[in-house]
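Let me begin by presenting the structure, written as structure tokens, before commenting on it.
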Amino acid sequence: MDKVYNPEFEKRIYDFWVKNRYFEAHPNSEKEPFTIMMPPPNITGQLHMGHALNQTIQDIITRFKRMDGYEALWLPGTDHASIATEVKIVEQMKKEGLTKNDLGRDGFLKRAWEWKETYGGRIVTQLKRLGSSCDWSKEAFTMDSNCSNAVVDAFVKYYKKGLIYRGDRIINWCPSCKTALSDAEVEYSEQDSYLWHYRYPYADGSGYVVIATTRPETMLGDTAVAVNPKDERYKGVIGKMLKLPLTDREIPIIADDYVELDFGTGAVKITPAHDPNDFEVGLRHNLDVIRVMDDAGVMNENAGKFKGLDRFEAREKIVEELKELGLVEKIEPYKHNVGECYRCRATVEPIVSKQWFVKMKPLAEPAIKAVKSKKIEFIPKRFEKIYFNWMENIKDWCISRQLWWGHRIPAYYCDDCGEMVVSKTAVDVCPKCGGKMHQDEDVLDTWFSSALWPFSTLGYPKKNKNLEYFYPTNLLVTAYDIIFFWVARMIFSGIQFMDEVPFSEVLIHGIVRDSQGRKMSKTLGNGIDPLLLIDKYGADALRFSLASGIAHGSDTRYSDDKIESARNFMNKLWNASRFVIMNLNGEEASVPKKLNVSDKWILTRLNEVIRDVTINLNKYEIGIAAAKLYDFVWSEFCDWYIESQKTYLYSEDEKLKSHSASVLRYVLEQILKLMHPFVPFITEEIYMNLNPDKSIMIQSWPIYNKNQMYRKEKKAFESIKNCIVALRNTRAEMNIPPSKKLKFFALPSDEAMFKKLTPYLTKLANVSEICVIASKEEVTEKCVALVSDSVEMFVPFGELVDVEKEKDRLSKEIEGAKAEIAKSTSMLANENFVKKAPEKLVAAEREKLERAKDKLEKLIEKLNMFN
RNA sequence: GGAGGCAUAGCUCAGUUGGUUAGAGCGCUUGCUUCACAUGCAAGAGGUCACAGGUUCGAGCCCUGUUGUCUCCACCA
């Protein structure tokens with residue numbers, strides 16, 4: 001083994017795992033399944049830190065469950081990402097001077113599939129570098145035949161149940177992508193703008209009404225002005241006609257509760273074709289719907305002389321003309337939220353258009369119930385509130401997209417009579433009039449297919465063994481940003497088509513921010529490429545740094561320090577293993593019958609860690625488990641156990657050497673197994689070094705063994721640790737060089753136990769001689785005295801002792817002991833404490849007080865020795 | 001407008017159901033090339049647990065309020 005940890009073995013090991021098909025899961029009646037569906041990354045995607053975190057968490061859980069005896073399936077795949085991919089390809093074509101229409105639908109799709117073949121696998125290759133143990137034999141793609149069948153099946157079933165309809169509604173329109181968007185696909189951001197106040201003159205010339213608007217260009221589509229029926233200011237004018245400026249139309253003043261009394265002027269222009277609220281008002285009052293913009297956001301023929309102008313140019317022009325007409329009352333600076341397309345950032349335009357919708361209320365109801373009844377639990381729980389809030393206020397889901405890349409809507413229209421048929425298979429002839437049928441041009445929202453992911457990937461709608469065995473799945477692991485897009489929709493889809501919720505637990509994690517806490521983004525250029533980190537530090541170091549310090553649902557920060565620290569930990573594990581291996585002489589990992597105090601201590605601690613880490617992992621407390629392992633491996637196994645064993649390993653006694661080597665190997669192998677889910681590569685490399693051709697990833701998870709719990713020896717060893725620390729401490733304070741061997745007198749409380757522990761003292765505190773005494777009278781030299789629970793130590797430093805310094809030190813210790821006594825005394829003097837606190841605690845407090853008193857007494861004696 | 005998170009050492013964060021003198025990593029200071037590891041070892045400095053109340057024998061933890069900060073949802077033209 002190399003002296004320094006070098007993760008170059010990662011690729012070899014991953015290939016080994018894949019070759020041996022260790023990641024694959026199959027229906028197995030002997031075992032319970034544990035299934036995780038991977039959130040499918042977009043085929044346009046490049047691995048980023050968010051993926052790395054998401055993958056690390058899923059892989060830790062999958063590997064743990066696999067070792068813990070489950071048939072663990074982690075099913076991977078990719079998403080066709082309809083809009084994102086189409087945008088990318090169109091951009092690419094633009095560079096060649098091509099447009100979608102140049103290629104036509106078939107030509108474009110051919111190109112899109114080629115693009116998918118070229119780039120779609122890139123993200124998958126990248127995921128593999130993280131060590132993800134997913135079952136690649138089941139890899140799915142949202143547009144493969146399985147998933148596409150599921151989409152068509154779901155659409156038709158929804159339609160037959162009356163849960164999908166087609167109609168003219170106001171939807172969010174992206175004039176740049178030229179498609180409808182769902183509500184979830186619009187992101188709002190506050191922008192500086194103006195609130196324009198205009199005069200709309202009465203048709204009879206008797207004056208005017210002032211309206212306020214943030215979007216002057218839509219005025220050309222106004223079909224009314226609304227006021228609140230309770231508004232005294234407008235009591236008499238309801239029903240009167242207004243002359244709509246810049247047009248030859250007249251529009252009525254109507255009364256509607258929707259209008260707020262105290263905002264703006266109390267009079268609102270109503271544009272049903274370009275505002276969701278106005279659309280509703282329009283329905284209530286039977287108003288005309290006049291679209292003034294086309295699909296590209298350019299003013300259309302209804303805009304009169306403004307036709308052909310871009311919407312923002314039109315805004316300026318209209319304001320200018322109104323000014324000239326003297327109809328502008330005032331212009332106030334105003335901040336308001338503007339909706340943007342989540343893909344291309346263009347300002348979204350609410351537009352009335354004919355689209356397909358999923359009726360949400362009937363779907364939301366059982367989906368809410370599923371979480372309320374705890375069939376599904378969110379971890380942490382607070383995200384359930386967010387989920388309920390969304391589900392309870394949900395509006396119908398616009399699912400049609402005016403794109404080509406995606407699942408084409410399985411609806412067919414007759415060219416002659418207009419008859420519509422929704423069908424799983426192509427319909428060429430109209431069942432009504434025999435005319436020619438053509439398929440709907442639109443495709444489905446990309447999230448329509450992802451909503452089916454937990455069962456479409458397992459072969460739905462075909463009944464099969466995988467679906468039967470692995471569905472419903474156990475756990476979904478995702479960041480909080482796609483709860484609405486994805487998690488919620490999977491829940492109602494699962495209930496709808498499988499009659500069962502798709503998973504029982506949803507583990508929500510945060511996002512990875514930069515070292516300053518900012519979101520990583522392309523525009524900020526603060527993104528960190530995980531692949532570069534893997535090259536530099538290794539995937540294990542990246543995984544461990546991500547796993548450390550994460551808590552359910554909270555964000556985490558990336559920093560170079562963190563990953564370096566993780567890499568150093570890998571180096572520590574590597575070198576500890578190297579040390580153990582170097583000292584092996586054919587020993588197996590075994591626990592001898594007769595154990596010494598250090599063995600009993602490390603075994604006790606090992607079992608405590610096994611118990612705790614198992615509990616933590618079962619609760620998905622990955623950050624806590626990682627911290628416990630880090631501390632145990634570094635601060636206990638390496639710093640104390642390995643160090644203590646040197647006294648045996650460097651002795652001449654072959655039996656002692658061999659005994660120590662066996663236990664070291666045993667504990668190390670248990671550690672490797674506990675660490676494996678977190679850092680699979682290094683643990684596999686070391687394990688195979690110890691056990692050629694045996695893979696660690698298919699070994700059993702360590703089991704807590706209460707027969708290896710030795711409380712007395714644990715206490716004894718820990719107390720000797722304290723003595724050693726005290727000696728080192730004193731040495732440092734007294735400026736005694738570490739190389740100088742110490743001699744001292746010891747007055748132990750339990751002599752037999754103390755004698756068992758002296759070898760460690762000798763080795764770890766660099767002590768040459770310990771003279772066990774029965775009474776402090778035997779100490780004649782000038783000494784530094786140390787008091788601990790189990791032993792009093794008198795260290796003759798001779799000339800090196802600085803009397804004043806030592807007196808200071810003792811005085812400080814005395815102060816500490818006094819403070820402790822004072823606190824314990826007052827606690828015990830409190831009747832309520834003695835009466836109400838658990839007996840165990842009161843007893844512990846009494847014992848503590850006794851110990852402190854004893855210590856104080858001894859310390860005072862010591863101090864007196866100097867006076 | 002509504003909902004939620006966070007506030008603990010210089011920085012990043014732990015702190016499980018309330019119970020020793022509140023911990024770790026990084027950084028800082030000091031000393032060590034001790035035969036697994038300088039990606040290391042040892043020692044040290046550093047905290048009014050945001051603020052104000054309350055519950056309790058006991059509060060970093062539970063409750064109420066305040067302040068700061070971040071996020072999500074809704075959206076009044």
Side-chain angles (χ1 to χ4, degrees), chain A residues 1 3-5 188 195-196 211-215 218 226 258-260 262-271 275-278 334 336-337 339 380 382-383 385-386 388-390 393 480-481 483-484 510-511 515 517 519 537 541 548-551 553-562 564-583 612 615-616 619 621 623-624 627-628 630-631 635 638-639 642-643 646 650 725 728-733 735 737-739 766 816 819-820 823-824 827 830-838 840-842 844-845 848:
Chain A
M1 285 175 86
K3 189 171 166 182
V4 171
Y5 159 67
Y188 291 88
L195 189 58
W196 286 272
I211 57 95
T213 180
T214 52
R215 300 180 55 219
T218 61
Y258 148 73
V259 182
E260 300 281 331
D262 47 9
F263 187 87
T265 62
V268 189
K269 60 191 266 324
I270 300 296
T271 324
D275 183 280
N277 291 308
D278 293 5
Y334 188 67
H336 70 142
N337 281 335
R382 66 185 136 95
F383 287 99
K385 257 194 178 166
I386 296 177
F388 289 137
N389 182 50
W390 191 72
N393 298 298
Y480 50 71
D481 51 359
I483 292 178
F484 307 135
I511 58 171
S515 58
K519 232 175 176 169
Y537 299 101
S548 300
I550 51 165
S554 21
D555 293 346
T556 174
R557 291 191 194 194
Y558 167 82
S559 75
D560 290 333
D561 285 348
K562 237 186 236 175
E564 265 176 40
S565 150
R567 189 269 321 266
N568 294 351
F569 182 45
M570 294 302 100
N571 186 55
K572 191 73 185 175
L573 181 62
W574 181 259
N575 273 290
S577 306
R578 195 162 70 94
F579 176 81
V580 172
I581 289 166
M582 274 165 46
N583 283 287
D612 293 352
I615 290 171
N616 290 138
K619 293 198 278 185
E621 291 168 342
I624 297 174
K628 279 178 186 163
Y630 181 97
D631 287 343
S635 315
C638 292
D639 288 353
I642 285 184
E643 290 307 318
K646 287 179 180 172
Y650 295 156
V725 170
R728 285 173 180 165
N729 195 332
T730 310
R731 210 194 259 275
E733 261 176 48
N735 290 320
S739 52
N766 200 21
E820 216 174 304
K823 198 186 170 203
S824 290
M827 270 174 89
N830 184 335
E831 268 180 53
N832 281 320
F833 173 71
V834 180
K835 242 193 296 185
K836 293 185 185 173
K840 227 173 134 188
L841 272 167
V842 179
E845 202 58 40
K848 202 176 101 190

Q) How close or far is atom C1' of rC41(B) from atom CD1 of Ile642(A), stated in whole angstroms? A) 14 Å
Q: Return no unless some side-chain N or O of Tyr650(A) is found under 4.0 Å from OP1 or OP2 of rA36(B).
A: yes
Q.
At 4.0 Å (heavy atoms only), tell me whether Ala267(A) reaches a base, stays on the sugar-phosphate, or touches nothing.
A. nothing
Q. What is the distance, rounded to the nearest whole Å, between atom CG of Asn729(A) and atom P of rG31(B)?
A. 17 Å
(Q) Between rG5(B) and rU39(B), how far apart are the two C1' atoms, rounded to whole Å? (A) 36 Å
Q. Counting a pair only when it is Watson-Crick or G-U and both distances are under 3.5 Å, which runs of at least 3 such pairs involve RNA chain B?
A. B:1-7 with B:67-73, B:10-13 with B:23-26, B:28-32 with B:40-44, B:50-54 with B:62-66
Q) Out of curiosity, Lys572(A) NZ to Cys638(A) SG, how far, rounded to the nearest 0.5 Å? A) 5.0 Å
Q. Where each residue is assigned the nucleotide of RNA chain B containing its nearest heavy atom, which of Pro838(A) and Tyr258(A) is assigned the position nearer the 5′ end?
A. Pro838(A)
**Q.** From Met1(A) atom CE to Arg578(A) atom CZ, the distance as rounded to the nearest 0.5 Å
**A.** 7.5 Å
Q: Please tell me which of the listed nucleotides, rA36(B), rG44(B), rA42(B), lies nearest to the side chain of Arg728(A)?
A: rA42(B)
Q) Tyr188(A) or Val580(A): which one's nearest nucleotide on RNA chain B is closer to the 5' end? A) Val580(A)
Q.
Can you measure Asp560(A) atom CG to rG27(B) atom C1' for me and round it to whole angstrom units?
A. 14 Å
(Q) If you compare every side-chain N and O of Tyr537(A) against the phosphate oxygens of rU39(B) (OP1, OP2), does one of them come in below 4.0 Å? (A) no
Q) Less than 3.5 Å between a donor and an acceptor, one on the side chain of Asn571(A) and one on the base of rC37(B), is that the case here? A) no
Q. Nearest 0.5 Å, what's the CD1-NZ distance between Ile615(A) and Lys628(A)?
A. 7.5 Å
Q: Could you tell me how the ring of Phe484(A) sits relative to the ring of Trp390(A): parallel (under 30°), tilted (30 to 60°) or perpendicular (over 60°)?
A: parallel
Q. Any idea which of rA36(B), rG44(B), rU39(B) is nearest the Phe579(A) side chain?
A. rA36(B)
Q: Report yes if a side-chain nitrogen or oxygen of Asn337(A) is closer than 4.0 Å to either non-bridging phosphate oxygen (OP1 or OP2) of rA74(B); otherwise report no.
A: no
Q. Of the candidate nucleotides rU16(B), rA77(B), rC72(B), which contains the atom at the shortest distance from the side chain of Val259(A)?
A. rA77(B)
Q. Of the nucleotides rG19(B), rU20(B), rA36(B), which has the atom closest to the Lys572(A) side chain?
A. rA36(B)
Q.
Base, sugar-phosphate or nothing for Ala576(A)? Non-hydrogen atoms, less than 4.0 Å.
A. base
Q: Compare the minimum distances between each of rG15(B), rG25(B), rA77(B) and the side chain of Tyr630(A), then state the nucleotide with the smallest one.
A: rG25(B)
Q) How many angstroms lie between atom OG1 of Thr265(A) and atom CZ of Phe263(A), to the nearest 0.5 angstrom? A) 9.5 Å
Q: Among rA77(B), rU16(B), rA43(B), find the nucleotide with the atom closest to the side chain of Lys619(A).
A: rU16(B)
Q) Among the nucleotides rG44(B), rC37(B), rA77(B), which one has an atom lying closest to any side-chain atom of Arg578(A)? A) rC37(B)
Q: Scan Lys562(A) against the nucleic acid and name what it touches under 4.0 Å (heavy atoms): base, sugar-phosphate only, or nothing.
A: sugar-phosphate
Q.
Tell me whether the NZ or CZ atom of Lys646(A) lies within the 45° cone about the ring axis of Phe579(A) and under 6.0 Å from its centre.
A. yes
Q. Out of rG19(B), rA77(B), rA42(B), which nucleotide sits closest to the side chain of Asp639(A)?
A. rA42(B)
Q. Can you find a heavy atom in the side chain of Asp278(A) that is under 4.5 Å from one in the side chain of Tyr258(A)?
A. yes
Q: Quickly work out the Phe383(A) CZ to rC73(B) C1' distance and round it to whole Å.
A: 13 Å
Q | Interatomic spacing from CG in Asn568(A) to CG in Asn575(A) - rounded to 0.5 Å | A | 11.0 Å
Q | Pairwise C1' distance for rU29(B) and rG19(B), with rounding to whole Å | A | 35 Å
Q) On a plain distance test, is the side chain of Lys3(A) in donor-acceptor contact with the base of rC37(B) below 3.5 Å? A) no
Got a list of protein N/O to nucleotides 3-6 of chain B N/O distances below 3.5 Å?
residue: rG4(B); atom: OP1; partner: Lys385(A); partner atom: NZ; Å: 2.9

Q) Is any side-chain N or O of Asn568(A) closer than 4.0 Å to OP1 or OP2 of rG40(B)? A) yes
**Q.** Candidates rU39(B), rU16(B), rC73(B) - which lies nearest the side chain of Asn389(A)
**A.** rC73(B)
Q: Please measure how far the C1' atom in rG47(B) lies from the corresponding atom in rU8(B), and state the result in whole Å.
A: 7 Å
Q.
Counting the atoms with a prime plus P, OP1 and OP2 as sugar-phosphate, which does Ser565(A) contact under 4.0 Å by heavy atoms, base, sugar-phosphate, or nothing?
A. sugar-phosphate
Q) Between rA59(B) atom P and Asn832(A) atom CG, what is the distance in whole Å? A) 13 Å
Q.
We want to know whether Lys269(A) and Thr218(A) form a side-chain donor-acceptor pair, criterion being a heavy-atom distance below 3.5 angstrom.
A. yes
Q: Evaluate the side-chain proximity of Thr271(A) to Arg215(A): yes if any heavy-atom separation is below 4.5 Å, no if none is.
A: no
**Q.** Presence of donor-acceptor pair under 3.5 Å, side chain of Glu643(A) and base of rA36(B)
**A.** yes
Q.
I need the CG-P distance between Asp555(A) and rC72(B), as an integer number of Å.
A. 10 Å
Q | Donor-acceptor contact present, side-chain Asn389(A) to main-chain Lys385(A), <3.5 Å | A | no
Q. Quick one: is Arg557(A) getting a side-chain N or O under 4.0 Å of the rC13(B) phosphate, OP1 or OP2?
A. yes
Q: Give the C-alpha distance, both sets of side-chain angles, the deciding distance and a yes or no for side-chain hydrogen bond (donor to acceptor under 3.5 Å, both in side chains) between Asp555(A) and Tyr480(A).
A: CA-CA 10 Å; Asp555(A) 293 346; Tyr480(A) 50 71; 2.8 Å; yes
Q) For Tyr480(A) and rC73(B), what is the distance between atoms OH and P respectively, to the nearest whole Å? A) 11 Å
**Q.** Lys840(A) NZ to rG58(B) P, straight-line distance once rounded to whole Å
**A.** 22 Å
